[in-house]
2 protein chains.
Amino acid sequence: MPLKAAMTPRKRASQARSRATVEALVEATARILVREGFDAASTNRIAREAGVSIGSLYQYFPSKEALVVAVVERHNRELVTVVREALGEVADQPFEVAVRRLVAAAIAAHRVDPKLHRVLSEQTPRTGALENVEAFNSETYGLFQAFLDARRDQLRPLDLELAAFVCVTSIEALTHTAVLHRPEILSDAAAETLVDEATRLVVGYLAPAFM
Amino acid sequence: MPLKAAMTPRKRASQARSRATVEALVEATARILVREGFDAASTNRIAREAGVSIGSLYQYFPSKEALVVAVVERHNRELVTVVREALGEVADQPFEVAVRRLVAAAIAAHRVDPKLHRVLSEQTPRTGALENVEAFNSETYGLFQAFLDARRDQLRPLDLELAAFVCVTSIEALTHTAVLHRPEILSDAAAETLVDEATRLVVGYLAPAFM
DNA sequence: CCGCAATACGAGCTATCGCTCATATTATCC
DNA sequence: GGATAATATGAGCGATAGCTCGTATTGCGG
């Protein structure tokens, strides 16, 4: 293996034709990750799937890693969008209703492309440029902290940053694990139950009463 | 790459000499994973590190995967031991005290060999034989469920299995994330605070009062 | 319609990986 | 001490990976 190349592409796509090539490559990478797994996603295989030559691939992506980064970033953008929209909707809802909605959004986010999510979290080594790309984008912590801040008069005294860490990490783990490893929890009426439980977990933690 | 070999070793180690070889290989694998990462852990590199020939390696481990499985299983045994011991100690403690102790145990478990834990969770693809090897052994869910069952008269009415899922998953995620990505949370007095918060999270969720 | 830049192509290079196998060394038992 | 089983050795094979580079094709400005 030659020394690992840089992360910036050799060439920027400027014409429409090349922008389509770039898009096809990212798409193909995601498809292969989902259908055949990380190990099968060789650069030659990706180029073939995209209907693009290996040479063209390296015109726009300086390494295999860069391609995977592109897929991860696109996926993360989709996830954060789901959460952000939910947060927007609940701005003036009662606290518990709002939390319920956010928990449901977390589940929905994990269902955006669960097979891709699984491959990215279970098979993709967090190495090199992928090291700092978190699965559940760290932006979510900030958004949730702002949500708490807007309602801090209804909550017990809190270190908001720590509280956001506790809530987001817990909800993320519950929904992530449920979607990826406990499908039975999310079928039919059971899904409602999980939302109940997760909501209770968070509300009980943040509520002023008790203890 | 040849077709992937089986998971059972060709030969069982019977003499003391060969048992030492096996041990040296597992040790070397863990050392390389920690010091150089998953990608550097080639079978040739592991054999060299162990001071053993590549041929001998394949006498006892039929594939690279088998070596990694051995490391993972040993690590998981150590983690579960820490949790099991804590559970044994708190059998007749008041509920909240017991939960505190268990949260502390979860942190301790993640500190058994944090660098190895990080490599296993971030770089090691959960593929093939590794697919079903969970980081925080699933035995823990059962142990915690029994813990809850023994105290169910002090708790609100619960689906014990679901409650164990919620608690263990949350605590695992909090301690895992804190140890691996938030070192500042675990230094000095801050660690105490995290234990407080995690305890409150779990106790608030399980307590009969409120809501 | 020409000329040059942008884009596309793919044979093939180098590196390395997982793994085999023919051979050598060491231990055990009578 | 000789025979046999257990253990150890490492050169090297086949496969494939990531990636380069010389060449062909396409699109755009004039």
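Keep in mind that the numbers below use all heavy atoms, side chains included, and drop hydrogens, waters and symmetry copies. In the text below, chain A, chain B and the rest are named by the order of the sequence lines, each starting its count at 1.
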Inset, instruction - Begin from the C-alpha positions of Val112(B) and His117(B) and carry the test side-chain contact (heavy atoms from CB on, under 4.5 Å) through to its verdict. - result: CA-CA 8 Å; Val112(B) 165; His117(B) 196 79; over 6 Å; no
Legend entry - Partners meeting ring-ring contact (aromatic ring centres under 6.0 Å, His included) with Phe95(B) (sequence neighbours left out):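 Per chain and number, Phe95(B) pairs via ring-ring contact (aromatic ring centres under 6.0 Å, His included) with no residue.
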Legend entry - Residue Ser42(A), side-chain atoms from C-beta onward, closest of dA27(C), dC19(D), dA17(D): dA17(D)
Inset, instruction - Among the candidates dA8(C), dC19(D), dA27(C), find the nucleotide nearest to the side-chain atoms of Arg17(A). - result: dA8(C)
Inset, instruction - Name all residues meeting the salt bridge (Lys or Arg N to Asp or Glu O under 4.0 Å) criterion together with Asp149(B); count only those two or more places apart in sequence or in a different chain, and write none if there are none. - result: Arg152(B)
Legend entry - Residues in salt bridge (Lys or Arg N to Asp or Glu O under 4.0 Å) contact with Glu49(A), at least two apart in sequence or another chain: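 In terms of salt bridge (Lys or Arg N to Asp or Glu O under 4.0 Å), with neighbours along the sequence ignored, Glu49(A) is linked to Arg31(A), Arg35(A), Arg45(A).
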Identify the pairs formed between an N or O of the protein and an N or O of nucleotides 9-11 of chain C at a distance under 3.5 Å, and give each distance.
| from | atom 1 | to | atom 2 | distance (Å) |
| --- | --- | --- | --- | --- |
| dC9(C) | OP2 | Ser53(A) | N | 2.9 |
| dG10(C) | N7 | Gly55(A) | N | 3.1 |
| dG10(C) | O6 | Gly55(A) | N | 3.3 |

[X]: what forms a side chain to side chain donor-acceptor pair (under 3.5 Å) with it, not counting sequence neighbours?
{"X": "Glu161(A)", "answer": "Arg182(B)"}
{"X": "Ser56(A)", "answer": "Ser53(A)"}
{"X": "Ser170(B)", "answer": "none"}
{"X": "Arg84(A)", "answer": "Glu139(A)"}

In whole angstroms, how far is the [atom2] atom of [N] from the [atom1] atom of [X]?
{"X": "Phe61(A)", "N": "dT20(D)", "atom1": "CZ", "atom2": "P", "answer": "15 Å"}
{"X": "Ile46(B)", "N": "dC19(C)", "atom1": "CD1", "atom2": "C1'", "answer": "13 Å"}
{"X": "Arg48(B)", "N": "dA11(D)", "atom1": "CZ", "atom2": "C1'", "answer": "16 Å"}
{"X": "Glu65(B)", "N": "dC17(C)", "atom1": "CD", "atom2": "P", "answer": "17 Å"}
{"X": "Gln15(A)", "N": "dA8(C)", "atom1": "CD", "atom2": "C1'", "answer": "12 Å"}
{"X": "Leu67(A)", "N": "dA17(D)", "atom1": "CG", "atom2": "C1'", "answer": "15 Å"}

Legend entry - Contact list for DNA chain C against residues 25-41 of chain A - heavy-atom distance below 4.0 Å: none
Inset, instruction - Please work out whether the ring planes of Tyr141(B) and Phe165(B) are parallel, tilted or perpendicular, with thresholds of 30° and 60°. - result: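 Parallel: the ring planes of Tyr141(B) and Phe165(B) meet at under 30°.
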Legend entry - Under-4.0 Å side-chain N/O to phosphate OP1/OP2 contact, Ser18(A) with dA8(C):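 No.
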Inset, instruction - Could you tell me whether the phosphate oxygens of dT20(C), OP1 or OP2, come under 4.0 Å of any side-chain nitrogen or oxygen in Tyr58(B)? - result: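 No, outside the criterion.
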